[in-house]
**Q** 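Here's a structure for you.
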Number of protein chains: 2
Amino acid sequence: MSHRENPRPGGRSARVQAAVHQSVRDILATMDRTDVTIPLIAQRANVTPSTIYRRWGDLQELLADVAAARLRPESEPPRIGSAREDLESWIEQYADEMASGVGRQMLRDVLSSTDGTSVEKCRCYMQQQLAVLIARAEKSGERFPDLEELMDHVISPIIYRILFDCPIGEDYVRELIAKVMQKFKG
Amino acid sequence: MSHRENPRPGGRSARVQAAVHQSVRDILATMDRTDVTIPLIAQRANVTPSTIYRRWGDLQELLADVAAARLRPESEPPRIGSAREDLESWIEQYADEMASGVGRQMLRDVLSSTDGTSVEKCRCYMQQQLAVLIARAEKSGERFPDLEELMDHVISPIIYRILFDCPIGEDYVRELIAKVMQKFKG
DNA sequence: GCACAAAAGCAAATAATTTGCGTTAGTTGG
DNA sequence: CCAACTAACGCAAATTATTTGCTTTTGTGC
């Protein structure tokens, strides 16, 4: 599937992809997840259903592709102050986004795809953002958890709770971060 | 949907459910996930497709239901020795099961269902097993992490890595447990 | 045993998916 | 700039899956 990766910008393939993605987003915003069909998406995007079937295979793959695209961060984590403050701010925003109705749906769409491309993208995006935060901390000489530590003990619990419908308290995220940071003090 | 919950044992409804579940398991063992269809499942289970559509709605829901049923533990965590040893043994077995091809697929099936019933079951099963271990520790007076601690810092990282295709090293699980237990020593 | 309700079967109608083939748009080499 | 060339699209027919109305069966309670 070479289409998915890097269709030449401006080409017909890219235009179709953009139209279909937009169509999916519009439709998902309007109607219930279970009523979405490929013919419907095709109609709104002004393409033939067979185009979508040929490019994406089935609805799950298409939704996963769209979700992965939406999960791509638009900017680096904002600079607030210390590395820890930047981390808290970014993670909280990330958790809120993922815990929202659409966020959860995107997560599930990404995970239910057979093909692993979207899941990988999703993970890479997140890791890149964390890497930026880690690099900043290193630059300013602050002690800071590494990528593994953050993934295992901050990101994982949050995502797990979202996926498995566990309640996430008001300052759950802050507490997770506090625990991870505390390891340097003991 | 009252069927899903507690069909009277021995009734027709229960027989159909068992036949369909078995059919799904057989088919999943044989062929690729993307080639599985409801008419196929129905045929092998000797029921009409409409029966399946009426009871489960669609393939995703059916697969989620079957997966949740398969994730139900058959027995309590085995007694090895100390509470910690019991925990290590059970978690390792749990992680292996989930990380296997079928385990991963079951997880994804459970998560991709729209209805939250299966996801809840899956979580409850796991929590019950952990609760048994916690109760044992309490009985024998050993210091032991609570449910939240185990979910957040042992189960979550494992499941996250499985879902997002991160490598899980040989003694990754043991290290997670070591970290969690260590908090009592500092 | 009889009446009732819940769930299954059957079959027709609808909708989605696949596929073969012709067409178009973008790319490349002269 | 023009002529092949190719990848991706459109179209439509064939196939397959899904929905639905109605009938029949099966298990339950009286």
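Chain naming here is simple, since letters A, B, ... match the order of the sequence lines and numbering starts at 1 in each.
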**Q** Of all the nucleotides listed (D/dA17, C/dA16, C/dT19), which has the minimum atom distance to the side chain of B/P39?
**A** D/dA17
**Q** Does the distance from a Lys or Arg side-chain N to an Asp or Glu carboxylate O, for A/R84 and A/E88, drop under 4.0 Å?
**A**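 Salt bridge present between A/R84 and A/E88.
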**Q** In whole Å, I'd like the distance from the CG atom of B/D58 to the P atom of D/dT19.
**A** 8 Å
**Q** For A/R161, is there an ion pair with B/E148 - N to carboxylate O distance below 4.0 angstrom?
**A** yes
**Q** Rounded to whole angstroms, how far apart are CZ on B/R54 and P on C/dG9?
**A**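 Nearest whole value for this atom pair: 11 Å.
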**Q** Rounded to the nearest angstrom, tell me the gap between atom CD1 in B/I52 and atom P in D/dT19.
**A** 13 Å
**Q** Whole angstrom is fine here: how far is it from CG in B/N46 over to C1' in C/dC10?
**A**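 It works out to 15 Å between those atoms.
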**Q** Find the distance B/Q60:CD to D/dA17:C1' and express it as a whole number of Å.
**A**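 These atoms are roughly 15 Å apart.
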**Q** Can you tell me how far P of D/dA17 sits from CG of B/D35, to the nearest Å?
**A** 11 Å
**Q** When the distance from CZ of A/R55 to P of D/dA8 is rounded to whole Å, what number comes out?
**A** 8 Å
**Q** Can B/I91 be reached from B/V132 by stepping across I, L, V, M, F, W or Y side chains whose heavy atoms are under 4.5 Å apart?
**A** no
**Q** Taking B/R136 as the fixed residue, which of B/E76, B/E85, B/E142 is the one that meets the salt bridge (Lys or Arg N to Asp or Glu O under 4.0 Å) rule?
**A** B/E76
**Q** Between B/V102 and B/V24, is there a shared hydrophobic cluster once you connect ILVMFWY residues whose side-chain heavy atoms come closer than 4.5 Å?
**A**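 No, B/V102 does not connect to B/V24 through the hydrophobic network.
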**Q** Round to the nearest Å and state the distance from B/W56 atom CH2 to C/dA8 atom C1'.
**A** 12 Å
**Q** Looking at B/S50, does any N or O in its side chain come under 4.0 Å of the phosphate oxygens OP1/OP2 on C/dG9?
**A**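 For C/dG9, neither OP1 nor OP2 has a side-chain N or O of B/S50 closer than 4.0 Å.
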**Q** Would you tabulate the nitrogen or oxygen pairs shorter than 3.5 Å linking the protein to nucleotides 27-30 of chain D?
**A**
residue : atom : partner : partner atom : Å
D/dG27  : OP1  : B/R15   : NH1          : 3.1
D/dG27  : OP1  : B/R15   : NH2          : 2.5

**Q** Does this structure show an ion pair linking B/R70 with B/E97, if we count only N-O contacts that are shorter than 4.0 Å?
**A** no
**Q** State whether a side-chain donor-acceptor pair under 3.5 Å links B/S113 with B/Q60.
**A**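 Side-chain D/A pair, B/S113 to B/Q60: absent.
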**Q** Please tell me which of B/T37 and A/T48 maps to the more 5' nucleotide of DNA chain D, matching each residue to the nucleotide holding its nearest heavy atom.
**A**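 So the residue in question is A/T48.
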